[in-house]
Each structure stands twice: as structure tokens, then as C-alpha cells.
Undergrad: 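Got a structure here, written out as C-alpha cells. Questions coming.
Labels below follow one simple rule: chain letters A, B, ... track the order of the sequence lines, proteins then strands, and each chain is numbered from 1. Since we're looking at a predicted model, the values are computed, not measured.
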Amino acid sequence: MQAAQSQRAGGRGELDMEDINDLVRARMEKLQLWRARGVDPFGIRYEVTHRAAEVVDGFDKLEGSIVSIAGRVMAKRGHGRAAFLDIRDLSGKIQLYASVDELGEELYQLLLELDIGDIVGVKGKVFRTRRGEVSINLSSFTLLSKSLRPLPEKWHGLQDVELRYRQRYLDLVVNPEVRELFVKRSLIVRYIREFLDARGFLEVETPMMHPIPGGAAARPFVTHHNTLDIDLYLRIAPELYLKRLLVGGLERVYEINRCFRNEGISTRHNPEFTTVEVYQAYADYTDMMSLTENMVAFVAESVLGTPVISYGGKEVDLTPPWRRVTMVDAVKEWTGIDFNELESDAQAREICSRQGIELKGNESKWKCLNELYEAHADYRIVQPTFVTHHPVEVSPLAKKSAADPDFADRFEIFICGQELGNAFSELNDPIDQKERFVSQVAERAAGDEEAHLMDEDYVRALEYGMPPAGGLGIGVDRLTMLLTDSPSIRDVLLFPQMRPRTD
RNA sequence: GAGCCAUUAGCUCAGGCGGUAGAGCACCGGACUUUUAAUCCGGGUGUCCUGGGUUCGAGUCCCAGAUGGCUCACCA
């Protein structure tokens with residue numbers, strides 16, 4: 001059986017035997033057929049004059065002229081001495097008309113051997129069929145790549161979510177809306193750059209491998225550098241490096257790149273994800289608010305043509321200004337509890353427990369506030385909202401609010417129940433920063449694996465003097481979810497992290 | 001990590017009360033020179049996720065496991 005199969009594969013069939021079925025075998029046999037006719041079934045470059053959509057859209061000018069395009073065969077309709085094929089390239093789909101009259105007996109017979117999925121280069125005259133479809137009347141064609149596996153069904157496409165994620169290339173081939181989504185994602189990133197570049201921000205690249213993982217509360221991935229013989233951590237945030245650049249005088253910087261967090265996977269979390277972080281010297285968190293709302297609205301309008309979007313059936317207006325509410329007020333609004341009036345930590349913990357929040361038992365009043373806030377924010381907030389003034393305790397890199405030192409000049413962005421970003425006035429007091437690190441280290445010692453580590457070099461940088469600044473981080477994947485109405489982060493990642501298949 | 005659900009042909013899916021597996025597309029053979037989910041005639045191509053168990057008999061019932069989805073927990 002195995003011998004027979006590999007013979008059919010022309011002695012070169014190194015495909016996994018487990019995977020070979022009759023459909024694949026039939027296509028392997030066709031490989032030989034093409035070779036027998038002197039055609040290399042895996043061809044070389046092909047001179048393309050047009051893309052499919054250019055021919056369709058530009059029919060009035062192109063009618064009667066000869067064009068050559070290349071793409072994948074998506075459908076085949078034989079009619080005896082003539083046949084229709086649909087081929088698709090990046091721009092879209094176009095119909096091919098093939099007839100014995102035009103191609104000649106030999107070429108026409110060869111054309112009938114094409115399978116759906118094959119990649120071909122074609123040449124012919126542009127015309128319109130009786131039914132009105134812009135088509136190319138083939139005068140010649142070239143097989144550019146033989147497809148050995150059958151494509152998923154044309155009508156339903158590839159529905160199996162697992163296969164769509166694991167074999168994204170197939171998803172892209174048969175589900176056009178998926179390709180459109182990733183084009184949108186690319187545009188989103190492009191317009192973020194355009195917006196920031198236009199305002200004098202410099203795009204930079206800082207290390208992805210950190211000796212001390214910092215800038216966020218999260219567990220990192222560990223790796224090892226052999227020559228240096230040190231452990232390195234995939235970055236959980238670029239923040240501390242970008243702020244070193246502020247010290248260095250790069251007053252407006254941003255970075256769009258990957259972060260890595262060794263935590264759970266869910267519809268909102270992938271182990272690697274993309275953020276844009278922005279730092280602006282001589283600004284503060286209020287400047288970051290207007291930067292945020294203007295940037296997100298600009299991106300939405302540029303990509304979708306409107307600042308009013310629909311997510312999960314809810315209509316959301318991204319037009320600035322967005323609502324601003326302090327965390328204390330938000331919690332008061334949702335629960336009726338005014339944390340400013342609470343006397344003791346114990347009282348706050350009691351309230352949290354009554355609200356069904358599990359606590360360790362040593363939480364402070366402000367930590368309780370934060371817990372209560374996090375428990376409600378994701379389902380309460382639909383329209384774009386800046387929730388401001390988080391407790392300093394949970395904001396170890398943010399500046400204390402002048403009005404009330406228990407709180408930080410900070411905000412989080414919520415839209416459609418999803419946390420989209422985080423920003424604050426950057427803490428530039430090295431003495432205060434060092435104290436914050438010290439208490440984070442204490443929390444870590446007490447068992448909080450996500451508490452920050454001491455970063456002496458970062459403190460030293462601050463000691464040279466960092467201008468006051470506003471900093472902002474936005475989840476690009478989350479923003480893409482929002483702007484493409486995607487319920488899962490996996491839908492906006494080309495290759496979401498999956499458990500490797502063992503079979 | 002916990003709960004619920006799913007897994008049947010290459011793809012999309014049906015399979016009542018346990019009786020040896022079915023459709024559409026794709027594919028193979030035939031007809032057809034402007035079709036377009038082409039049409040017409042003929043052909044079912046299978047580790048029913050895996051491993052145990054119950055039973056005369058398991059796609060179906062029970063147990064364990066794998067993978068995925070959703071919800072929760074953690075986070076952005």
C-alpha cells in the first residue's frame with residue numbers, strides 16, 4: 001500500500017502517508033501528467049499585467065485588449081468544448097472563458113486537467129459574456145503551482161474554528177472576509193503611525209529581551225542567552241525603556257510591537273500581543289486623553305469611514321470627547337458605595353465580600369476599590385470612557401495626583417466592556433519611584449508573582465532627570481477587535497497561539 | 001485551573017429507542033461551446049477524536065483521556 005502510494009507520487013512523494021487520501025492521490029497522479037507533457041507543475045515567475053479587480057473595474061477601457069493575470073483557480077465549470085474558471089488574486093476574482101476554438105484541442109484538454117486550488121498564470125482578451133460577466137477569453141495559460149490538497153467547500157468555506165486558526169492560510173484562501181479583516185488590521189496600524197508621525201512622534205524599537213521584566217504587572221516568559229549565560233525575559237511591556245529615551249531627550253516616542261505575558265489564554269488574551277506605547281515629554285495624562293480619543297477616532301474614520309461603529313450588536317460613537325469619570329465615582333455609580341467615606345480597610349473588605357468578591361484578607365481600602373471596579377467595569381461600560389484616578393497602590397509607575405496623593409493621575413480606556421488601554425502622568429521622581437519599587441518587591445515577597453521588580457538602572461536614569469511626561473499604552477489587537485466587530489482576539493491574530501497537535 | 005458544549009467523508013452537516021453509516025459541495029467516469037452554488041446521467045471515497053467498559057451487537061449508553069469553542073478565574 002505504502003509502496004504503491006509513493007510510486008504514484010512519482011517516487012518523490014514524501015507527503016505524510018497518514019494524510020494521503022484518494023483526493024490527494026488523484027492530484028499526485030496529475031503531477032505526473034503535467035511532467036509528462038513537459039510542464040513543471042511548480043513553475044517560476046510569470047509576467048502579470050493586471051490584477052483581477054483592475055480588469056473588472058476597468059472593463060470599459062480594457063475591453064478587447066489582451067491582459068495577463070495570475071491567481072488561484074477557485075471554481076471550474078465545464079461545458080464540453082468550452083469551460084469557465086474563476087481565479088482569484090489579491091484584488092479579487094475574475095472569470096476565465098476557455099474554448100477549443102481559442103486554445104486549440106491540445107491546450108484545451110490540458111486546461112481541463114486543472115484542479116480547483118491550482119495556481120495559474122493566464123493570458124487572453126477581455127470581454128463580457130452574454131450574462132454580463134467581465135471575463136478573459138483565454139489564449140494561453142501556464143500552471144504555476146499544482147495544488148495537491150483539495151480546498152474546503154466553496155459555499156460554506158472553512159467553518160471549523162480550530163482548523164481556521166491552525167491552518168490560517170486555508171481560512172484566507174476560502175473566506176474572503178478573513179482577508180478583508182487582516183487588511184483592515186494592517187490599515188489600523190498604518191493609521192496609528194500616520195497619526196503619531198504627523199504630531200512629531202519618533203517610532204523606536206526597544207529590546208524585546210529584558211534582564212529585568214518591567215513596566216507592567218505580569219508573569220514573563222523566560223529564556224536564556226548562552227554566551228552571556230544569563231536568563232532573559234521576553235518583555236511584558238516596553239515602558240521602562242521608552243521612558244529612558246525621554247531621559248535621553250527623545251521627547252516624543254512611540255513603539256508598536258509585541259509584548260509577551262505568560263498567562264492564561266482566552267478570547268481576550270493571547271500570550272503575545274501587540275501594543276502601541278506613546279510617551280510625550282512636558283505633557284500629562286490629560287494630554288494623553290485627548291491624544292487617545294483623537295487617535296482612535298481618526299483610525300476609525302480612516303479605516304471604516306465613520307467614527308460610529310457597531311460591536312456585538314451595540315452601536316458605539318468614538319467621536320471625541322469621551323466620557324471621563326473617576327474610579328471612585330464609577331464605583332459609587334454602579335454600587336452606591338462611596339469609597340471616600342469608608343473609614344477602614346476592614347470595612348472596605350467587608351463591603352467587597354458582600355459584593356461577592358473573593359479576597360485574601362489583607363487588602364487595603366484602595367485595593368478593594370480597584371477590585372470592585374474591575375468586577376464591574378467590563379460589563380458596565382459600553383460607550384468610550386476614561387476611568388481616571390486609580391489608587392497609587394496599584395499604579396507603581398504613575399505620578400501621584402496633586403489633589404489627592406492616594407490616587408494617581410492615570411486613566412484606563414473602556415469601550416464595549418473591554419479595557420483598551422492605560423495611561424498616566426509618568427512618575428519622574430526617582431526617590432518616589434524607588435520607594436514604589438521597594439513596596440512592590442515587598443508585595444512580591446508576600447506572594448504576588450506579578451508585582452514589579454526593582455530596576456536600579458531605571459531609577460538611576462530618573463536620577464539624571466526625566467521631563468514630566470504623559471504616557472499611553474493601547475492594545476492594538478483589542479482595538480482591531482473593536483473596529484472589526486470581532487468577538488475573539490484569535491480572530492484578529494493571523495496565527496493565534498494553539499496547543500500543538502500531537503497526532 | 002473549573003464548568004458547559006462540540007468532535008461522523010477532503011469541506012459543510014444529518015444520523016429517533018443500541019441493529020454494521022447518509023446528504024450537499026469537492027472528487028472519479030460520461031454528456032454538453034457564454035456558464036456562474038452551471039445542468040443532466042452514473043460512482044460513496046469513512047480510524048464515526050482516542051482508549052477502556054456494558055451488550056449477542058456501540059457513531060449512539062457508561063468511564064477515562066485528547067483537541068477545540070464558550071463562560072468563569074487572571075490579565076491588556
Undergrad: With a 3.5 angstrom cut-off on both distances, give the Watson-Crick or G-U wobble partner of U67(B), or none if there isn't one.
TA: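 Matched U67(B) with A6(B) under the 3.5 Å cut-off.
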Undergrad: Taking the same atom, C1', in A14(B) and in U50(B), what whole-Å distance lies between them?
TA: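 Taking atom C1' in both A14(B) and U50(B), they lie 24 Å apart.
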Undergrad: Which whole-number value in Å describes the distance from Asp22(A) CG to A26(B) C1'?
TA: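 For the pair Asp22(A) CG and A26(B) C1', the rounded distance is 13 Å.
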Undergrad: At under 4.0 Å between heavy atoms, which parts of nucleotides 1-14 of chain B does protein reach? Answer with one letter per nucleotide, 5' to 3': B base, S sugar-phosphate only, - none.
TA: ---------BBS--
Undergrad: Grab the CZ-C1' distance between Arg166(A) and U67(B) for me, whole Å please.
TA: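 Result: 7 Å.
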Undergrad: Distance check: side-chain N/O of Thr267(A) vs OP1/OP2 of U71(B), anything under 4.0 Å?
TA: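 Affirmative; the distance criterion is met.
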Undergrad: Salt bridge check: are Glu255(A) and Arg235(A) linked by an N-O gap of less than 4.0 Å?
TA: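 Between Arg235(A) and Glu255(A) there is a salt bridge, with a charged N closer than 4.0 Å to a carboxylate O.
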Undergrad: In whole Å, measure the gap between the C1' atoms of A66(B) and U20(B) for me.
TA: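 The answer is 27 Å between these two C1' atoms.
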Undergrad: Please give, in whole Å, the distance from C28(B) C1' to Lys76(A) NZ?
TA: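 Atom NZ in Lys76(A) sits about 11 Å away from atom C1' in C28(B).
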Undergrad: Any stacking of Phe84(A) on A38(B), going by centres under 5.5 angstrom and planes within less than 30 degrees?
TA: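 Stacking is absent between A38(B) and Phe84(A), given that the ring centres and planes do not meet under 5.5 Å and under 30°.
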Undergrad: Can you tell me if Glu293(A) uses its side chain to pair, donor with acceptor, with the backbone of Trp322(A) under 3.5 Å?
TA: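 Flag set: sc Glu293(A) to bb Trp322(A) pair under 3.5 Å.
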Undergrad: More than 12 non-hydrogen atoms from neighbouring residues, nucleotides or ligands closer than 6.0 Å to CZ on Arg128(A), yes or no?
TA: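 Yes - once you tally the heavy atoms of other residues, nucleotides and ligands closer than 6.0 Å, there are more than 12.
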Undergrad: Using the test side-chain hydrogen bond (donor to acceptor under 3.5 Å, both in side chains), find all partners of Asn137(A) that sit at least two apart in sequence or belong to another chain.
TA: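 Asn137(A) satisfies side-chain hydrogen bond (donor to acceptor under 3.5 Å, both in side chains) with no residue once adjacent residues are dropped.
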